[in-house]
Each structure stands twice: as C-alpha cells, then as structure tokens.
Trainee: 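Got a structure for you, written out below as structure tokens; questions coming shortly.
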Amino acid sequence: MDFPWLETCDAHTHAHDDVEHLKEIANLKTNKICLMGTRLEDLDVVSKLATDFQMKVIPCFGFHPWFCHLLSLENEPESKVHYRTILKDIGPKDPSRSNYLEEFIDSLPSPKPFDVWHNKLENLLETHPNSLLGEVGLDKTFRLRDQESKQLSKVQTTMQHQTAILEKQLDLAAKYKRAVSMHCVQSTGAITELLNRRINEREPLPPRICLHSFGGSVDTIKFLTKQTKKKEGVSVDIYFSFSVVINGKYDRLPDLIKAVPEDRLLIETDYHSPFGLDHYMARIIKLVSEAKEWTEATTVEKTRKNFIKFVGKTI
C-alpha cells in the first residue's frame, strides 16, 4: 500500500470487544480510531482505553438500539410494565405461542432507571471533552437475542422506544456540541423525519452526524447532503462512512461512495478486534480510491481532513 498510515483515521470501530487483546490497540498502524461504546457494560472500557492510549483512541459513548430495551425512561421502572410497553412479538399468531413474550420478558434483567444510564452517559461526555456520542441510532429489523440460547428471538424493541432513547442521547450531544456516529438499518426515513421535525420545531441538534456503514440509497445521500439541514440557528451536517465488514457485500457500494460529496466522506472498519483492523482499513481505502478514482494517498488525505472536521478537534 502506498498510502501514509500516519494519516489514517477509522471513524467507527469496536476493537475493544476483543477483551483479551486490548493492549494491541497501541500497535495499530491506523493512526486514529473512534472506539464505539454500545451498552452500559462497555462504556468504562472505552473510557479507560481512551486514557491508556490518548494518542490513538477517540472515545465514543452511547447506547446502541440493540440494547436500548434495557433502558427505561422512568427513574423507578417496574420491570414487567416496562418490557410489555416497549417490546413486541413478531412471530406467528399461534395459540401454542401465547406466552412467548411473557416468558421472554421473565428472562430479562431489570431495566436501568433513566437517571442511572443518562447520568452515566452525561458524566462520560463531560469527563472526556474530546469524546463523541456513539454508537446510537435506529434499527427496524433487529430481533433481540434469547438470554439462554443466544439465538435471535421473535421479539423486537418498538421504534417508538428506540426513537425516544435516541432523542435523549441527541439532546446530550447537542448540549455538549458533540458529533454523533449513528446506526441506521432500514430507518433512513425515520431518521430523516426525526431530524426534520427537530429542525422545524427548533429543537437543538448535534453539530454533525455520521451515518456509519451506510446501506441506504444514493437518493438519500443526495437528499441529506444537498444542503446543510438548518432553520433559524438549528443545523446539522450529515456525513457518510463505509466499511468492508458491512458494505463490502453490496454491489452498489461504488455508487454509494461516488454519491457522497468528497467533504462528507469518512472511512471505517466497524471491526471487533485490533487484529485485522489495519487489514480492513487498507481494504476500504482501496475500495474508496477505486470508486472515486483517487490515489490511495489522496483518499487518506481527504478522509483525514473530513475526520478532523467531523470530530471537531485538532488531532
């Protein structure tokens, strides 16, 4: 590869999931990584790694839609009431499954009170002034895993609850002027509607949002980047990022990359270990270079420039 590794920036990774090899983060060729928290259990891990590897890790704190069912919007939630309200059974309407949702609910831990998880997130954003909000978002297709078998169940978190949890997190990102890395699966319409509503109602928004490993349409990219979304002081710049792990199987990936304005394009690995991260970084740089008809050095240079603007800090 003829690109400068010292300029490479991974806009979205979960390398800390490989808990046995956390020290290997220091040995990455990739210069900067945005390390994404997703749930209460891993936020402190991200925080510690940001302290241990200050020159490498940009910490990102947030609650992923796959885990937001564990979060309540009340300070004293009643467990069964909470889950009955925010979960739905999408399985067949069969009498033999009449107790399926209740049995699933019985296996879940007590939900975290609002003040517990919200205060935790806010404290981490305050403690790390260079941190971002992430990974947060919406996912219309994901099914929760069975607590015992770990297999995907027929239970989903309602979009209403996902949206409510997302908005509470966006409020914090707006308050502290932090960029956001957003998960968006079959939800581009819902997210666009959410942004437009907040803008029209003059509700605060984060300064920048990246739709990571974006799998939507060229038309959505054009719509969201045609102009800065704004109204009377409320605005947000939308970025798009791509990874080999998620987007590599898309035949339309080159068209998606081409559609992103060069000043809104980021690259990422979305990888779950330090081992292999550099490999996936090199591969996405190659794919972007081919799609944009840039040299690999140019891809690294342009995406680094965008990365600096996106995170909002000098790195």
Side-chain angles (χ1 to χ4, degrees), residues 10-14 34 36-39 60-69 71 132-144 156-174 178-199 203 205-226 228-229 235-250 252-253 255-261 264-272 284 288 306-307 310-311:
D10 183 349
H12 190 107
T13 182
H14 302 275
C34 284
M36 296 287 152
T38 59
R39 55 200 184 280
C60 308
F61 304 108
F63 295 96
H64 194 289
W66 293 357
F67 305 107
C68 74
H69 63 290
L71 309 178
L132 311 185
L133 181 77
E135 177 180 2
V136 302
L138 299 177
D139 193 321
K140 193 172 286 187
T141 64
F142 181 73
R143 292 173 287 145
L144 302 184
Q156 288 186 324
T157 305
T158 64
M159 290 298 287
Q160 181 179 3
H161 185 69
Q162 289 187 44
T163 302
I165 296 297
L166 173 60
E167 294 215 54
K168 292 297 185 183
Q169 297 183 89
L170 292 180
D171 288 343
L172 288 176
R178 305 299 171 82
V180 178
S181 188
M182 190 172 290
H183 176 103
C184 175
V185 174
Q186 299 292 312
S187 304
T188 52
I191 285 175
T192 300
E193 182 181 317
L194 182 157
L195 295 177
N196 285 337
R197 173 173 52 77
R198 289 181 72 112
I199 288 169
E203 296 179 17
L205 278 168
R208 295 166 299 280
I209 292 173
C210 176
L211 298 181
H212 101 91
S213 287
F214 183 71
S217 69
V218 166
D219 287 343
T220 297
I221 293 173
K222 290 179 177 178
F223 176 76
L224 289 175
T225 57
K226 183 167 53 178
T228 300
K229 310 280 288 178
S235 66
V236 58
D237 291 333
I238 308 296
Y239 290 72
F240 293 85
S241 186
F242 302 97
S243 69
V244 171
V245 169
I246 301 298
N247 305 120
K249 59 183 178 291
Y250 297 171
R252 68 186 189 281
L253 179 57
D255 293 330
L256 294 176
I257 294 170
K258 288 176 188 176
V260 179
R264 297 295 181 84
L265 178 63
L266 297 170
I267 54 177
E268 61 169 275
T269 62
D270 200 16
Y271 199 57
H272 293 257
I284 193 61
V288 168
N306 295 343
F307 184 89
F310 175 68
V311 301

Trainee: So does Leu253 get a backbone contact from the side chain of Asn247, meaning a donor-acceptor N/O pair under 3.5 Å?
Mentor: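 Not confirmed, Asn247 side chain does not pair with Leu253 backbone.
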
Trainee: Do the side chain of Thr163 and the main chain of His161 share a donor and acceptor less than 3.5 angstrom apart?
Mentor: no

Trainee: Find the distance between CE (Met36) and CG (Asp270) and round it off to the nearest 0.5 Å.
Mentor: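 Those atoms lie 9.0 Å apart.
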
Trainee: Counting C-beta onward and ignoring hydrogens, is there a side-chain heavy-atom pair between Phe142 and Val185 closer than 4.5 Å?
Mentor: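 They are not in side-chain contact.
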
Trainee: Tell me the closest heavy-atom pair linking Val180 and Ala173, and the distance in Å.
Mentor: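 What the structure gives for the nearest pair is CG2-CB, 3.7 Å.
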
Trainee: Rounded to the nearest 0.5 Å, what separates atom CD1 in Ile257 from atom CG in Leu265?
Mentor: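 So the gap between those two atoms works out to 7.0 Å.
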
Trainee: Quick one: are Leu224 and Thr188 in side-chain contact, heavy atoms under 4.5 Å?
Mentor: no

Trainee: For residues Cys60 and Ser181, determine if any side-chain heavy atom of one lies less than 4.5 Å from a side-chain heavy atom of the other.
Mentor: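 With C-beta onward as the side chain, the pair stays apart.
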
Trainee: Are Val260 and Phe214 side-chain neighbours, meaning at least one heavy-atom pair lies under 4.5 Å?
Mentor: no

Trainee: By the salt bridge (charged side-chain N to carboxylate O under 4.0 Å, His left out) test, which pairs, at least two apart or in different chains, include something from residues 183-196?
Mentor: none

Trainee: Under 3.5 Å, side chain of Asp10 to main-chain N/O of Thr269, donor-acceptor pair present?
Mentor: yes

Trainee: Could you check whether any side-chain N or O of Arg208 sits under 3.5 Å from a backbone N or O of Phe310, counting only pairs where one atom can act as donor and the other as acceptor?
Mentor: yes

Trainee: In chain order, what residues pass the side chain to side chain donor-acceptor pair (under 3.5 Å) check against Ser217, with sequence neighbours excluded?
Mentor: Thr220

Trainee: Measure the CD1-CG distance between Ile199 and Leu194 for me, rounded to the nearest 0.5 Å.
Mentor: 10.0 Å

Trainee: To the nearest 0.5 Å, tell me how far Arg178 CZ sits from Leu172 CG.
Mentor: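 Rounded to the nearest 0.5 Å, the CZ-CG separation comes out at 10.0 Å.
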
Trainee: Holding to side-chain contact (heavy atoms from CB on, under 4.5 Å), I want the full list of residues that pass it with Arg143, two or more places apart in sequence or in another chain.
Mentor: Ile90, Leu152, Lys154, Gln156

Trainee: Kindly write out the residues that satisfy ring pair (Phe, Tyr, Trp, His ring centres under 6.0 Å) with Phe67, not counting sequence neighbours, or none if the list is empty.
Mentor: none

Trainee: Donor-acceptor pair, Gln169 side chain versus Phe63 backbone, under 3.5 Å?
Mentor: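 Yes: the side chain of Gln169 pairs with the backbone of Phe63.
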
Trainee: Do Phe307 and Val311 have side chains that approach each other closer than 4.5 Å (heavy atoms only, starting at C-beta)?
Mentor: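 Side-chain contact under 4.5 Å: yes.
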
Trainee: Can you check whether Leu256 reaches Phe240 side chain to side chain, under 4.5 Å on heavy atoms?
Mentor: no

Trainee: By the definition side chain to side chain contact (heavy atoms under 4.5 Å, CB included), identify the one residue from Ile238, Ile209, Leu138 that meets it with Met182.
Mentor: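 Considering Ile238, Ile209, Leu138, a side chain to side chain contact (heavy atoms under 4.5 Å, CB included) with Met182 is found only for Ile209.
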
Trainee: Would you call Arg264 and Asn306 a side-chain contact if the rule is heavy atoms closer than 4.5 Å?
Mentor: no

Trainee: Would you give the length of the straight line joining atom CD1 of Ile165 to atom CG of Leu71, rounded to the nearest 0.5 angstrom?
Mentor: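 Interatomic distance, Ile165 CD1 to Leu71 CG, rounded to 0.5 Å: 5.0 Å.
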
Trainee: Is Leu133 close to Pro206 at the side-chain level, that is, under 4.5 Å between some pair of heavy atoms?
Mentor: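 With C-beta onward as the side chain, the pair stays apart.
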
Trainee: Do you know the tightest heavy-atom contact between Cys184 and Ser187?
Mentor: SG-C, 3.6 Å

Trainee: Kindly give the heavy-atom pair with the smallest separation between Ile221 and Thr225, and that separation in Å.
Mentor: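 Minimum heavy-atom separation between Ile221 and Thr225: O-OG1, 2.6 Å.
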
Trainee: Measure the CG-CD distance between Leu195 and Glu203 for me, rounded to the nearest 0.5 Å.
Mentor: 11.0 Å

Trainee: If the condition is side chain to side chain donor-acceptor pair (under 3.5 Å), which residues does Ser213 pass it with, not counting sequence neighbours?
Mentor: Ser243, Glu268

Trainee: If the condition is salt bridge (charged side-chain N to carboxylate O under 4.0 Å, His left out), which residues does Arg39 pass it with, not counting sequence neighbours?
Mentor: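 Arg39 satisfies salt bridge (charged side-chain N to carboxylate O under 4.0 Å, His left out) with Asp42 only.
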
Trainee: Suppose we screen for ring pair (Phe, Tyr, Trp, His ring centres under 6.0 Å). Which residues come up paired with His212, at least two apart in sequence or across chains?
Mentor: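 Residues passing ring pair (Phe, Tyr, Trp, His ring centres under 6.0 Å) with His212: His12.
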
Trainee: Tell me every residue that passes side chain to side chain donor-acceptor pair (under 3.5 Å) with Asp139, counting only those two or more places apart in sequence or in another chain.
Mentor: Trp66, Thr141, His183

Trainee: Listed by chain and number, what are the ring pair (Phe, Tyr, Trp, His ring centres under 6.0 Å) partners of Phe242, not counting sequence neighbours?
Mentor: none

Trainee: Kindly write out the residues that satisfy side chain to side chain donor-acceptor pair (under 3.5 Å) with Glu167, not counting sequence neighbours, or none if the list is empty.
Mentor: Arg197, Arg198

